[in-house]
Amino acid sequence: MEAYKLWVRRNRDLVRSLESLANGLTWILPERFANSEIAPEAVYSLLGIVSSVNQHIIDAPTENHAFASKEQSIPWGLVVSVLKDVEAVVEVAAQHFVGDDRKWSFLAVTEAVKAGVRLAAFRESGYKMLLQGGEVANEEEVTVLEDNYGVNGNGVPVIYPMNGHSQNGHKAVTNGLDGKNEFVSKSLERRAVAALNKFGENAKMMSDPMWMRRLQPAPEPTVSVVEKPTLASIWSAKGGTGRLFVLGEVVHIFRPLVYVLLIRKFGIRSWTPWGGKVHQLSSAERDELRRRKMMWALYVMRDPFFASYTKRHLQKAEQVLNPVPLIGFLTGKLVELLEGVQTRYTYTSGS
């Protein structure tokens, strides 16, 4: 397994190219949207699981990374990705063996499992917003400082948290998600004092005999540990906005489960299942909010809206463009894919 991990890390570009090629080939498999397509869907899901595992290997910190953060006991993001890949197979198999009406019970079970995993990931992250449904870790960026304000008394680098302050109250340099450095200005006087202090430490090291330095134990790297906030601390410290944020995230986690349960009760043709500003959001969290708003567009691919409106306009566009060489052929294939996609809940769920 370690040899495979090493190979994936060294050939990440090749691995991603092979995954993209394999995933693209699955869309041209015969009978893609036929009544019985368990085998093609299983192949596609297996490729998705392999891709998720490879990405987890690439993103995982290596042992030779001096300041790598401690890995979670359970990779919740990987678990969510695997569940999303398996869910499509569950839907197809349930539809084949028990029918369209009874498959929603199986989908409700899978959505309940995903909701439980996401709740665990939400708690593990210190109640931070889940990015990409929990597949991407929402971690604060840290940086290593190499001047007097970024080392301890022994000259060992210290990792400071994203709030930009060290334990001594000095400003730190932070890297934003856009890759631009934000430098906090220091006075020339402080720079001079820092240089003198460092010069004094170096002079002291030069004056020590070599044999004494060998007997001295090597200093351990010091890492600033930021405690994860608990639900009680958020409830008390952040007041009403913190409570609304936690409540909104929990509601978002259970949204797919509620939607499937309503379809199970009222049917796919019913309109019933159809029926803010958050404090201190990072760039990744703002992108996540935009992604969640874009997910509302998936409703145009769901019944009854698709059968009543979207499908009719797609067929009109196909009739208009059909006489045009090549464009008419591509439009027909696109309409065929869109009509096939909407027949599967897992393709348009966005969960």
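As the structure is a computational prediction, the values presented were derived from the model and not from experiment.
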*For the pair Leu298 and Tyr347, evaluate side chain to side chain contact (heavy atoms under 4.5 Å, CB included) and give the outcome as yes or no after the intermediate values.*
CA-CA 9 Å; Leu298 293 175; Tyr347 291 161; over 6 Å; no
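- Listed here is the closest heavy atom pair of Lys128 and Asn138: CD-O, 3.2 Å.
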May I have the list of side-chain donor-acceptor pairs in residues 244-251 shorter than 3.5 Å, sequence neighbours left out?
| unit_1 | atom_1 | unit_2 | atom_2 | d |
| --- | --- | --- | --- | --- |
| Glu249 | OE1 | Arg292 | NH1 | 3.2 |
| Glu249 | OE2 | Leu130 | N | 2.9 |
| Glu249 | OE2 | Arg292 | NH2 | 2.8 |

Could you pull out all donor-acceptor pairs under 3.5 Å where a side-chain atom in residues 309-331 meets a protein atom, sequence neighbours excluded?
| unit_1 | atom_1 | unit_2 | atom_2 | d |
| --- | --- | --- | --- | --- |
| Thr310 | OG1 | Val300 | O | 2.7 |
| Arg312 | NH1 | Ser308 | O | 2.5 |
| Thr331 | OG1 | Ile327 | O | 2.7 |

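- In this structure, OG1 on Thr241 lies 9.5 Å from CZ on Arg243, to the nearest 0.5 angstrom.
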*Let me see the working for Ser282 and Glu285 under side chain to side chain contact (heavy atoms under 4.5 Å, CB included), right down to the final yes or no.*
CA-CA 5 Å; Ser282 64; Glu285 291 172 341; 3.4 Å; yes
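- When ring centroids are compared, Tyr299 and Phe305 stay outside the 6.0 Å threshold.
- Tyr259 and Tyr345 have parallel rings, their planes meeting at less than 30° on a 0 to 90° scale where 60° marks the start of perpendicular.
- For Arg291, the CZ atom is densely surrounded, since the number of other residues' heavy atoms within 6.0 Å is greater than 12.
- Side chains of Gln95 and Arg344: a donor on one and an acceptor on the other come within 3.5 Å.
- Interatomic distance, Leu83 CG to Glu135 CD, rounded to the nearest 0.5 Å: 10.0 Å.
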_As a quick check of understanding, evaluate side chain to side chain contact (heavy atoms under 4.5 Å, CB included) for Glu339 and Phe306, giving each step before the final call._
CA-CA 9 Å; Glu339 290 179 351; Phe306 181 86; 4.0 Å; yes
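- Every residue was checked against the ring pair (Phe, Tyr, Trp, His ring centres under 6.0 Å) condition with Phe106, not counting sequence neighbours, and none meets it.
- Checked options Leu21, Asn11, Ile58; the residue passing with Arg16 is Ile58 (criterion: side chain to side chain contact (heavy atoms under 4.5 Å, CB included)).
- Side chains of Ser283 and Arg286: a donor on one and an acceptor on the other come within 3.5 Å.
- The CZ atom of Phe254 lies 11.0 Å from the CG atom of Leu261; values are rounded to the nearest 0.5 Å.
- Within the model, atoms CD1 of Ile263 and CZ of Arg302 stand 7.5 Å from one another, a figure rounded to the nearest 0.5 Å.
- Atoms CG and CG, from Asn54 and Asp59 in turn, are 11.0 Å apart once rounded to the nearest 0.5 Å.
- There is a side-chain donor-acceptor pair under 3.5 Å between Glu19 and Ser51.
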_Step-by-step salt bridge (Lys or Arg N to Asp or Glu O under 4.0 Å) determination, Glu336 to Lys333_ = CA-CA 5 Å; Glu336 180 183 352; Lys333 285 296 181 183; 3.8 Å; yes
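- Note that OG of Ser349 is 8.0 Å distant from CZ of Arg255, once rounded to the nearest 0.5 Å.
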